[in-house]
There are 2 protein chains.
Amino acid sequence: MKYSKQRELILKTLRQLDTHPTAEELHVLVKRNLPSISLGTVYRNLGQLVDSKLVRKVEVAGSSSVRYEAKGEEHCHLICTECGSIIDATPQMFETIDVKVKAEVGFTVNNHGIILQGICKECQAKRKKPS
Amino acid sequence: MKYSKQRELILKTLRQLDTHPTAEELHVLVKRNLPSISLGTVYRNLGQLVDSKLVRKVEVAGSSSVRYEAKGEEHCHLICTECGSIIDATPQMFETIDVKVKAEVGFTVNNHGIILQGICKECQAKRKKPS
DNA sequence: ATAGCTGCAAAATGTTTGCGCGAAA
DNA sequence: TTTCGCGCAAACATTTTGCAGCTAT
């Protein structure tokens with residue numbers, strides 16, 4: 001990946017935020033420092049930054065657009081049904097879920113994003129003894 | 001809400017499914033019994049059915065379109081990162097989360113959809129002693 | 001009779017993409 | 001100097017909406 005002023009600024013701006021902006025909100029913020037930057041460039045760079053794990057998508061149910069964050073480790077979010085505020089969850093909150101999920105349906109949880117992702121029983125069997 | 005053949009059929013079709021179809025997928029299924037029904041009508045009726053709690057939205061991260069379900073109680077979903085299959089979670093898996101979330105950030109969880117929804121500390125304070 | 005629902009098509013929204021130019025390697 | 005990223009605008013996908021006519025009450 002080739003360096004670009006735009007990508008550096010997008011990442012720097014997102015890293016300074018404690019909020020979870022949409023691409024459009026971030027575009028407005030970034031334009032303060034680089035007025036010529038286009039929304040398409042913000043989308044393209046966010047995509048690359050997500051691919052390289054420097055940025056995470058925060059997919060909020062009920063919000064039509066995707067939100068992004070660059071701070072800290074992967075974590076779940078608590079969304080207030082009154083004011084819409086987004087609070088970061090801690091890993092401790094989920095400690096026992098993985099164990100229960102595994103015990104009940106044999107599903108191994110890898111990831112506590114907005115949804116629980118992992119590998120289902122069938123796919124695990126396929127992995128251990130491949131065709 | 002006034003009766004309509006279209007809405008009845010949409011709900012009946014969705015209730016027969018163990019999958020979590022998008023509006024477009026459901027439109028295809030419903031058209032088998034009522035070829036003239038339009039996609040707009042499917043969207044409009046799904047909206048009403050969600051409002052009246054007969055149908056729930058299943059917002060799957062990574063899928064661009066919203067999915068719907070009509071069976072059982074509200075529940076979370078486990079999404080396999082290998083094959084994309086959607087498995088229904090049980091309430092027991094989440095028993096301790098509510099307690100931990102409450103203890104750590106004073107947030108009361110109401111709902112274990114795809115994301116955790118509830119009321120944040122500030123809104124609870126506002127509720128108890130209104131302006 | 002009339003409120004509310006329909007099908008249709010256009011609009012709205014959020015995101016992606018093709019293009020020709022300019023910047024990084 | 002070649003490759004890749006840019007800005008721009010058009011395309012795209014999903015969902016919503018305005019309208020004129022039909023249906024349930």
Side-chain angles (χ1 to χ4, degrees), chain A residues 1-14 19-52 54-69 79 84 86 113-115, chain B residues 1-14 19-52 54-70 84 86 113-115:
Chain A
M1 188 162 52
K2 199 188 273 187
Y3 168 84
S4 93
K5 190 195 317 187
Q6 288 84 347
R7 190 180 318 112
E8 181 182 36
L9 181 58
I10 288 167
L11 183 55
K12 193 180 141 215
T13 305
L14 191 53
T19 59
H20 309 77
T22 62
E24 214 158 344
E25 286 164 357
L26 191 54
H27 182 220
V28 170
L29 293 174
V30 167
K31 277 216 282 198
R32 290 188 193 161
N33 289 299
L34 189 63
S36 64
I37 196 172
S38 74
L39 180 56
T41 296
V42 172
Y43 272 109
R44 245 183 312 228
N45 280 296
L46 282 172
Q48 290 182 182
L49 289 166
V50 167
D51 288 347
S52 52
L54 292 166
V55 164
R56 289 180 304 279
K57 286 192 178 191
V58 179
E59 318 213 26
V60 175
S63 161
S64 50
S65 35
V66 175
R67 295 174 172 277
Y68 297 88
E69 66 179 359
I79 318 257
I86 305 182
I114 295 305
I115 52 170
Chain B
M1 186 162 53
K2 198 188 275 188
Y3 170 84
S4 92
K5 190 194 319 186
Q6 288 83 347
R7 190 180 317 114
E8 181 183 36
L9 181 57
I10 287 167
L11 182 55
K12 192 180 141 216
T13 306
L14 192 53
T19 59
H20 309 77
T22 62
E24 213 158 346
E25 287 164 357
L26 190 54
H27 182 221
V28 171
L29 293 174
V30 167
K31 277 216 282 198
R32 290 187 193 162
N33 291 299
L34 189 63
S36 64
I37 196 172
S38 73
L39 180 57
T41 295
V42 172
Y43 272 108
R44 246 183 312 228
N45 279 296
L46 282 172
Q48 293 182 177
L49 290 167
V50 167
D51 288 347
S52 53
L54 292 167
V55 165
R56 290 180 303 278
K57 286 191 178 190
V58 180
E59 317 212 27
V60 175
S63 161
S64 51
S65 35
V66 175
R67 294 174 173 278
Y68 297 87
E69 67 180 359
I86 304 182
I114 295 305
I115 51 170

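Atoms considered below: every heavy atom in the structure, side chains included; atoms not considered: hydrogens, waters and symmetry mates. All figures in this text were calculated on a predicted structure; none of them were measured in a lab.
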Do the side chains of [Y] and [X] get nearer than 4.5 Å, heavy atoms only?
{"X": "V50(B)", "Y": "R56(B)", "result": "no"}
{"X": "I10(B)", "Y": "V55(B)", "result": "no"}
{"X": "E69(B)", "Y": "L14(B)", "result": "no"}
{"X": "T22(B)", "Y": "L26(B)", "result": "no"}
{"X": "Y68(B)", "Y": "V66(B)", "result": "yes"}
{"X": "E24(A)", "Y": "S65(A)", "result": "no"}

Original post:
salt bridge (charged side-chain N to carboxylate O under 4.0 Å, His left out): which pairs involve residues 26-48 of chain A, sequence neighbours left out?
Top reply: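 Passing the test, one end in residues 26-48 of chain A: no pairs.
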Original post:
Quantified as the angle between the terminal helix axes (five pairs each), what is the overall bend of the helix from dA1(C)-dT25(D) to dA25(C)-dT1(D) to 10 degrees?
Top reply: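 End-to-end axis angle for the helix from dA1(C)-dT25(D) to dA25(C)-dT1(D): 30°, rounded to 10°.
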Original post:
Looking at M1(A) and S52(A), what are the two nearest heavy atoms and their distance?
Top reply: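 Residues M1(A) and S52(A), closest heavy atoms: CE-OG, 4.3 Å.
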Subject >> By salt bridge (Lys or Arg N to Asp or Glu O under 4.0 Å) - contacts of E25(A) (at least two apart) >> reply: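 Scan of E25(A) (salt bridge (Lys or Arg N to Asp or Glu O under 4.0 Å), adjacent residues dropped) gives R67(A).
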Between [N] ([atom2]) and [X] ([atom1]): distance, integer Å:
{"X": "Y43(B)", "N": "dA10(C)", "atom1": "OH", "atom2": "C1'", "value": "16 Å"}
{"X": "H27(B)", "N": "dC8(C)", "atom1": "NE2", "atom2": "C1'", "value": "11 Å"}
{"X": "E8(A)", "N": "dA23(C)", "atom1": "CD", "atom2": "P", "value": "17 Å"}

Subject >> Terminal contacting nucleotides, 5' and 3', DNA chain D versus chain A (heavy atom, 4.0 Å) >> reply: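 Extent of the interface on DNA chain D: dT3(D) to dC8(D).
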Subject >> B/S/- contact track for nucleotides 1-7 of chain C, protein heavy atom under 4.0 Å >> reply: --BBSBB
Original post:
What residues form a side chain to side chain donor-acceptor pair (under 3.5 Å) with S4(B), not counting sequence neighbours?
Top reply: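 In terms of side chain to side chain donor-acceptor pair (under 3.5 Å), with neighbours along the sequence ignored, S4(B) is linked to no residue.
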